[in-house]
Amino acid sequence: MTRGLLRLCRREALKPKPGNGSGENLEILSRRPVMGVRGLQGFVGSTCPHICTVVNFKELAEHHRSKHPGCTPTIVVDAMCCLRYWYTPESWICGGQWREYFSALRDFVKSFTAVGIRLIFFFDGMVEQDKRDEWVKRRLKNNREISRIFHYIKSHKEQPGRNMFFIPSGLAIFTRFALKSLGQETLCSLQEADYEVASYGLQNNCLGILGEDTDYLIYDTCPYFSISELCLDSLDTVMLCREKLCESLDISLADLPLLACLLGNDIIPEGMFESFRYKCLSSYTSVKENFDKKGNIILAVADHISKVLRLHQGEKKLEEMLPLGPNKALFYKGVASYLLPGQKSPWFFQKPKGLITLDKEVGSMSSDPESKQEVPMCTDPESKQGVPMCTDPESKQGVPLCIDPDSKQGIPMCTDPESKQGVPMCTDPESKQGVPKWTNPESKQGVPVCTDPESKQGVPVSTDPDSKQAVPMCIDPGSKEGFLLCTHPESKQGVPVCTHPEFKQGDPVCTHPESMQGDPVCTHPESKQGVPMYAYSEYRQGVPMRTYSESKQGVPMCTHTEFKQKSPLRADSEFKLETPICTNPGIKQEDLVNMEPEIKQQVTMVSDPEILKIARAHHVQAESYLVYNIMSSGEIECSNTLEDALDQALPSQAFVYRPVRQRVYSLLLGGGEDGASTCPTVKEWFVYSGNPLRHPDLVRPLQMNIPGGTPNLKLLWLNQDAGIQARRLDALLGCFDLSSSREELQAVENPFKALCCLLTYLFVQVDTLCLEDLHAFIAQALCLQGKPTVQLVDLQKIQGDGILPNKTNITLIPNPDK
């Protein structure tokens, strides 16, 4: 057998066996795994089929126009769920049917535009950290599927049937640009794609969502339609109704996120609540014998929500009703991930207790069990409960009382005008007036409180022995001791003060979130904000620190002598050196405990906000790939490719193209000359043989070899001068380390410059490739139609008699999206 690959373009060599035609395609598509809530897709199909209703998009569009005049019916398409529906070529094992695939996309778009429906396509743009474990789990599962594919090829020398179908590598990337060339609006997500799809559908009053993910049954958004059931000729499909699902389960729409997390989804592992689900099943009295086990479990959990949890909704926290244990934060985050902008969950609400207000009316008398005396009562209009009262000796007016649990004595109360809650009072010995009081939990003694004019909140005070004036205090949560406060001149907020043992002067401090100990702070001369200090024992000097919310650890910061910006220092694991991390000074880091599913601002790898804004816009508009992820978080991922894990002759594409990526990192993060030596490593989650994906690979940038030096991004992206195109070509060649071949590549037509760079680089990196492989690669890339005969005379006809596993492996190497 020859080593050529032109056979990969010949249908005769790749033709599937009889019985693997289009009829089987529909069967396989309908039973392929569905993302989202565990077991819900099968439950809907077997237990609650009435949830599924056949609808027609043309009729729905007409109804939408009549209901919303002047509004174009719009369908939000989850493109990642539709790839299998769009890609129908029989010869799927090697890919490459670009024209056939493009034709299928064009027909899809035409079918909807012909009836006046606008399409918005969403693609995955990143993997959220909360879903990284699930992403890894699916990648390892895909590895096992790919291994079975290559075992079949080695045994039968032919393509497997559609039941082993695996999406060709790079298909999602190519689909973006194909849809753009068809004039379609194509967007790339900045967070979980299904969340952005659901948000867009809700906020823009869309006709519905087209996809294949049971999470769309959980979101309270526009209707959800199945792509796998779509008949393109008639535009009929199946609508899955979440209202009917709730009716069948006897729960409300607001209960669906709770149900999804208890069953397991992409955030909550399925095994986390396995014992809880079986307890629900054991106590469920309406088990259906004709239903499968998973169906009965879903019914049992829903029954528990409606009959047990709902009884205490608003009175007890979820952790008091469910066995959340150490997974409480993750569970709350999972529930919150389904809440779209403006939505709230009743499961997060807790009824406030002990609300006291001044506008009360005396309604009755009550007996004090301790003093056996009659005590006047007034009615709290909020809680409708009786509250004891006493008479103010000065104003002669009734004042509400609260009972001190230790002394069992009544304490006068006043009402906080902001929170409307009752606050204990003590008497100021100077003015003889009632002053709000705060009780120290350790000493059980009352401390007077003053009101902060900015926050309107009570602040404990102590008396300065010198000035005899009240000074605000804060309470250390660890030691329960009071610290004096000083007022920050810019923020107007109180800052704790500690006394320097040598100078006897008060220095502002901040409290470390883990150790609960106070760290001295200094004031940044530019931002005027307090920065924690790190004390170096050798020099006895304080160095500013940055505290990271994930590790809760302070990291010393250094100041760049040229830019005057402070950057956290990181320890290089390879060279044991401390290097500054590039950060965006204009973006504040938010607390990761925040449960809201909104996009969290973060410390970025690039500090230039203008460049970051451009990269973000290109990312959202699906005009670039991975660039914004590198510049913002410094973390990227690459999914599975059809690579034979047992073939040691060909390296994985993850390693073949790593040097290219390293130079790209230098270009994106270096900021010009000597960029590679000053930039941090990039985290790569790349799938390759032997990688268990427990941790990302930490990859360092490589210095680029470009005549005239490495250009900065502002020059490459924003400059429109006549000679800038030449600099862009220099940057492209520099990424492939082919600057020395510039003159030869100048003679190549523009559309083929990138191809020649790719193939030249590939044959330098992989020494097991031969000339026949080069011919095959070129045959895959070239469109021969319209080319004159004189240009085709040297092309060799390569023949073959079947599929070889190593050739299938090779076809995945020249993949421009990796």
Side-chain angles (χ1 to χ4, degrees), residues 22 25-26 29-30 34 52-89 97-124 167 171-189 193-194 196-213 215-217 219 221-241 620-622:
S22 59
N25 287 357
L26 295 178
L29 289 173
S30 64
V34 180
C52 305
T53 306
V54 177
V55 295
N56 181 268
F57 278 125
K58 182 178 180 180
E59 296 174 359
L60 292 176
E62 292 173 353
H63 177 72
H64 189 275
R65 275 188 290 266
S66 63
K67 188 177 180 180
H68 307 281
C71 180
T72 303
T74 302
I75 292 178
V76 194
V77 183
D78 187 339
M80 301 301 292
C81 294
C82 299
L83 295 178
R84 291 171 179 262
Y85 180 89
W86 292 328
Y87 187 83
T88 58
Q97 305 90 345
W98 171 249
R99 299 181 66 154
E100 185 176 351
Y101 183 64
F102 187 83
S103 177
L105 291 175
R106 183 173 55 238
D107 292 342
F108 180 86
V109 171
K110 280 184 176 180
S111 297
F112 285 93
T113 56
V115 296
I117 295 178
R118 172 174 169 245
L119 299 175
I120 303 290
F121 297 89
F122 272 84
F123 287 82
D124 286 333
I167 294 178
L171 189 63
I173 307 301
F174 301 139
T175 304
R176 296 184 194 181
F177 296 104
L179 291 170
K180 281 187 172 295
S181 67
L182 291 170
Q184 298 303 295
E185 187 171 352
T186 307
L187 302 175
C188 190
S189 70
D194 57 7
E196 292 197 11
V197 167
S199 299
Y200 188 95
L202 177 66
Q203 295 175 341
N204 293 275
N205 193 29
C206 291
L207 183 63
I209 295 170
L210 187 60
E212 205 69 35
D213 189 333
D215 277 335
Y216 294 128
L217 264 176
Y219 288 109
T221 182
C222 57
Y224 161 43
F225 306 105
S226 170
I227 180 63
S228 65
E229 302 296 334
L230 174 64
C231 176
L232 202 57
D233 293 334
S234 63
L235 286 182
D236 288 338
T237 190
V238 167
M239 179 180 71
L240 292 90
C241 181
V620 172
Q621 297 300 320

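Quick note: residue numbers are just sequence positions, from 1.
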Chemist: NZ of Lys58: more than 12 outside heavy atoms within 6.0 angstrom?
Modeler: no
Chemist: Partners of Asp107 by side-chain hydrogen bond (donor to acceptor under 3.5 Å, both in side chains), sequence neighbours excluded?
Modeler: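 Partners of Asp107 under the side-chain hydrogen bond (donor to acceptor under 3.5 Å, both in side chains) test: none.
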Chemist: Under a 4.5 Å cut-off applied to non-hydrogen side-chain atoms, are Ile167 and Tyr87 in contact?
Modeler: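 The answer is no; the side chains never approach within 4.5 Å.
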Chemist: Got a second to check how far Thr221's OG1 is from Asp215's CG, nearest 0.5 Å?
Modeler: 12.5 Å
Chemist: Find the distance between CG (Asn56) and NE2 (His63) and round it off to the nearest 0.5 Å.
Modeler: 13.5 Å
Chemist: Compute whether any side-chain donor of one residue and acceptor of the other, for Tyr101 and Thr175, lie under 3.5 angstrom apart.
Modeler: yes
Chemist: My understanding is that only residues two or more places apart in sequence, or in another chain, count here; which of them pass side-chain contact (heavy atoms from CB on, under 4.5 Å) with Ser181?
Modeler: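 So Ser181 forms a side-chain contact (heavy atoms from CB on, under 4.5 Å) with Phe102.
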Chemist: Would you call the rings of Trp86 and Phe108 parallel, tilted or perpendicular if under 30° counts as parallel and over 60° as perpendicular?
Modeler: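 Aromatic pair Trp86/Phe108 classed perpendicular.
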Chemist: Under 4.5 Å between any side-chain heavy atoms of Pro73 and Leu60, yes or no?
Modeler: no
Chemist: Compute whether any side-chain donor of one residue and acceptor of the other, for Glu196 and Ser189, lie under 3.5 angstrom apart.
Modeler: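 Per modelled atom types, Glu196 and Ser189 side chains form no pair under 3.5 Å.
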Chemist: Please give me the minimum heavy-atom distance between Arg176 and Ala622, naming the atom from each residue.
Modeler: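 Looking at all heavy atoms of both residues, the shortest contact is CD-CB, 4.0 Å.
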Chemist: Donor-acceptor pairs under 3.5 angstrom involving side-chain atoms of residues 112-123: please list them, not counting sequence neighbours.
Modeler:
| from | atom 1 | to | atom 2 | distance (Å) |
| --- | --- | --- | --- | --- |
| Thr113 | OG1 | Val109 | O | 3.1 |
| Thr113 | OG1 | Lys110 | O | 3.2 |
| Arg118 | NH1 | Thr74 | OG1 | 3.3 |
| Arg118 | NH2 | Glu185 | OE1 | 3.0 |

Chemist: From Leu210 CG over to Ser226 OG, what is the distance, rounded to the nearest 0.5 angstrom?
Modeler: 7.5 Å
Chemist: Quick one: OG1 on Thr186 to CG on Leu179, what's the gap to the nearest 0.5 Å?
Modeler: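 Between atom OG1 of Thr186 and atom CG of Leu179 there are 5.0 Å.
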Chemist: Over all heavy atoms of both residues, which pair between Tyr200 and Val76 is shortest? Give the atoms and the distance, please.
Modeler: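 It is CD2-CG2, 3.7 Å.
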Chemist: Less than 4.5 Å apart, any side-chain heavy atom of Leu240 and any of Cys52?
Modeler: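 With C-beta onward as the side chain, the pair touches.
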Chemist: Give me the atom names and distance for the closest heavy-atom approach of Leu83 to Ala172.
Modeler: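 Leu83 and Ala172 have their closest heavy atoms at CD1-CB, 3.9 Å.
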Chemist: If you round to the nearest 0.5 Å, how far is CG of Leu105 from CD of Glu100?
Modeler: 11.5 Å
Chemist: Check whether any side-chain heavy atom of Phe57 lies under 4.5 Å from a side-chain heavy atom of Leu230, and answer yes or no.
Modeler: yes
Chemist: Keeping Glu212 on the side-chain end and Cys81 on the backbone end, is there a donor-acceptor pair under 3.5 Å?
Modeler: no
Chemist: If you measure from CZ on Phe225 to CG on Asp78, what distance do you get to the nearest 0.5 Å?
Modeler: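 If we round to the nearest 0.5 Å, Phe225:CZ and Asp78:CG are 14.5 Å apart.
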Chemist: To check you understand the geometry: which heavy-atom pair defines the closest contact between Leu235 and Ser111, and what is its length?
Modeler: CD1-O, 3.5 Å
Chemist: Is the closest side-chain heavy-atom distance between Asp194 and Tyr216 below 4.5 Å?
Modeler: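 Yes, side chains in contact.
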Chemist: Using a 4.5 Å cut-off on heavy atoms from C-beta on, say whether the side chain of Asp213 contacts that of Tyr219.
Modeler: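 No; the side chains remain at least 4.5 Å from each other.
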Chemist: Once the angle between the rings of Phe174 and Trp98 is folded into 0 to 90°, is it parallel (under 30°), tilted (30 to 60°) or perpendicular (over 60°)?
Modeler: perpendicular
Chemist: For residues Cys206 and Cys222, report the shortest heavy-atom separation together with the two atoms involved.
Modeler: O-CB, 3.6 Å
Chemist: Decide yes or no for His64 and Asn205: does some side-chain heavy atom of the first lie under 4.5 Å from some side-chain heavy atom of the second?
Modeler: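 Yes, at least one pair of side-chain atoms sits under 4.5 Å.
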